[in-house]
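Each residue takes its place number in the sequence, starting with 1. Worth knowing before you read on, the calculation uses all heavy atoms, side chains too, and leaves out hydrogens, waters and symmetry mates.
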Amino acid sequence: LRQIVGALVDNALRHTPQGGTVRLGAARLSRGGGQRDVIRVAVEDTGAGIPPEALPRIFERYFQAGPSRSRHPGTSGLGLSIVRALAEAHGGTVGAENRTEGGARLWFELPAG
C-alpha cells in the first residue's frame with residue numbers, strides 16, 4: 001500500500017505547478033447488490049489534467065499522456081503500471097479521471113474486508 005500511495009502522490013507532485021495543491025483522501029464505498037464494500041484511496045492534483053483520449057491508457061507500461069504529462073527526467077514510465085499491478089494483486093482496481101475544477105484524480109480501490 002505504501003508503494004501504491006507513494007507512486008500516486010509522486011505522480012501528482014510532478015504534474016502540479018508550483019503553488020498548486022495535491023490532496024489525498026480515503027473513503028469506504030458501499031457497492032450494494034451483494035457486492036463487497038471497497039476502500040477507495042484517491043490522489044487529486046491541480047495540474048493540467050490528462051488528455052481525455054489518454055485516460056484509458058495511463059496505467060499501461062511506458063505510456064506517456066502528452067506534453068503536459070510527459071516523461072520527466074529520472075522517471076521510467078513504469079510507476080502507474082506498477083500501481084495497477086499491485087492493486088490487482090490485492091483484488092483491487094485503479095482508475096483516473098479529470099476533475100471538473102481542473103487537474104486529475106487517480107485512485108485505487110481494495111476490498112474492504
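- Put simply, CZ on Arg105 and CG on Leu8 are 13.0 Å apart, with the number rounded to the nearest 0.5 Å.
- Among residues two or more places apart in sequence or in another chain, the side chain to side chain contact (heavy atoms under 4.5 Å, CB included) test is passed with Arg28 by Asp37, Ile39, Ala112.
- Between the side chain of Arg99 and the backbone N or O of Gly102 there is at least one donor-acceptor pair closer than 3.5 Å.
- For Ala7, the side chain to side chain contact (heavy atoms under 4.5 Å, CB included) partners at least two apart in sequence or on another chain are Val83.
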Leu86/Gln3 under side chain to side chain contact (heavy atoms under 4.5 Å, CB included): CA gap, chis, key distance, verdict: CA-CA 9 Å; Leu86 290 170; Gln3 190 170 358; 3.8 Å; yes

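- Counting only heavy atoms from C-beta outward, the side chains of Leu78 and Tyr62 approach each other to under 4.5 Å.
- Hydrophobic clustering of Ile, Leu, Val, Met, Phe, Trp and Tyr side chains at less than 4.5 Å, counting indirect connections, unites Ile50 with Leu13.
- Salt bridge Glu109/Arg31: present, at least one basic N to carboxylate O contact under 4.0 Å.
- Residues Pro56 and Pro52 share a closest heavy-atom pair of CD-O, 3.7 Å.
- Here the OG1-CG distance, from Thr93 to Leu110, works out to 8.0 Å after rounding to the nearest 0.5 Å.
- Residues Gly47 and Pro17 share a closest heavy-atom pair of CA-CD, 3.8 Å.
- Hydrophobic clustering (side-chain heavy atoms under 4.5 Å, transitive across Ile, Leu, Val, Met, Phe, Trp, Tyr) groups Val43 together with Val94.
- For the pair Arg36 and Pro111, the tightest heavy-atom approach, listed with the atom from each and the gap, is NH2-CB, 3.6 Å.
- For Leu1, the CG atom counts as loosely surrounded, since its 6.0 Å shell holds 12 or fewer non-hydrogen atoms of other residues, nucleotides or ligands.
- Using a 4.5 Å heavy-atom cutoff, the side chains of Val22 and Thr46 are not in contact.
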Take Thr21 and Asp45 through the side chain to side chain contact (heavy atoms under 4.5 Å, CB included) test and state the conclusion after the steps. CA-CA 6 Å; Thr21 303; Asp45 67 54; over 6 Å; no

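- Glu44 CD to Thr16 OG1: the interatomic distance, rounded to the nearest 0.5 Å, is 10.5 Å.
- Side chain of Asn98 to backbone of Ala104: no donor-acceptor contact under 3.5 angstrom is found.
- By the 4.5 Å heavy-atom criterion applied to side chains, Leu80 and Phe63 are not counted as neighbours.
- Hydrophobic cluster membership is shared by Val41 and Val9, with clusters built from Ile, Leu, Val, Met, Phe, Trp and Tyr side chains linked at under 4.5 angstrom.
- Residues Phe108 and Val38 are not in side-chain contact: their nearest non-hydrogen atoms beyond the backbone lie 4.5 Å or more apart.
- Atom CD of Glu60 is surrounded by more than 12 heavy atoms from other residues, nucleotides or ligands within 6.0 Å.
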Evaluation steps, side chain to side chain contact (heavy atoms under 4.5 Å, CB included), between Ile58 and Leu106: CA-CA 10 Å; Ile58 66 162; Leu106 280 68; 4.0 Å; yes

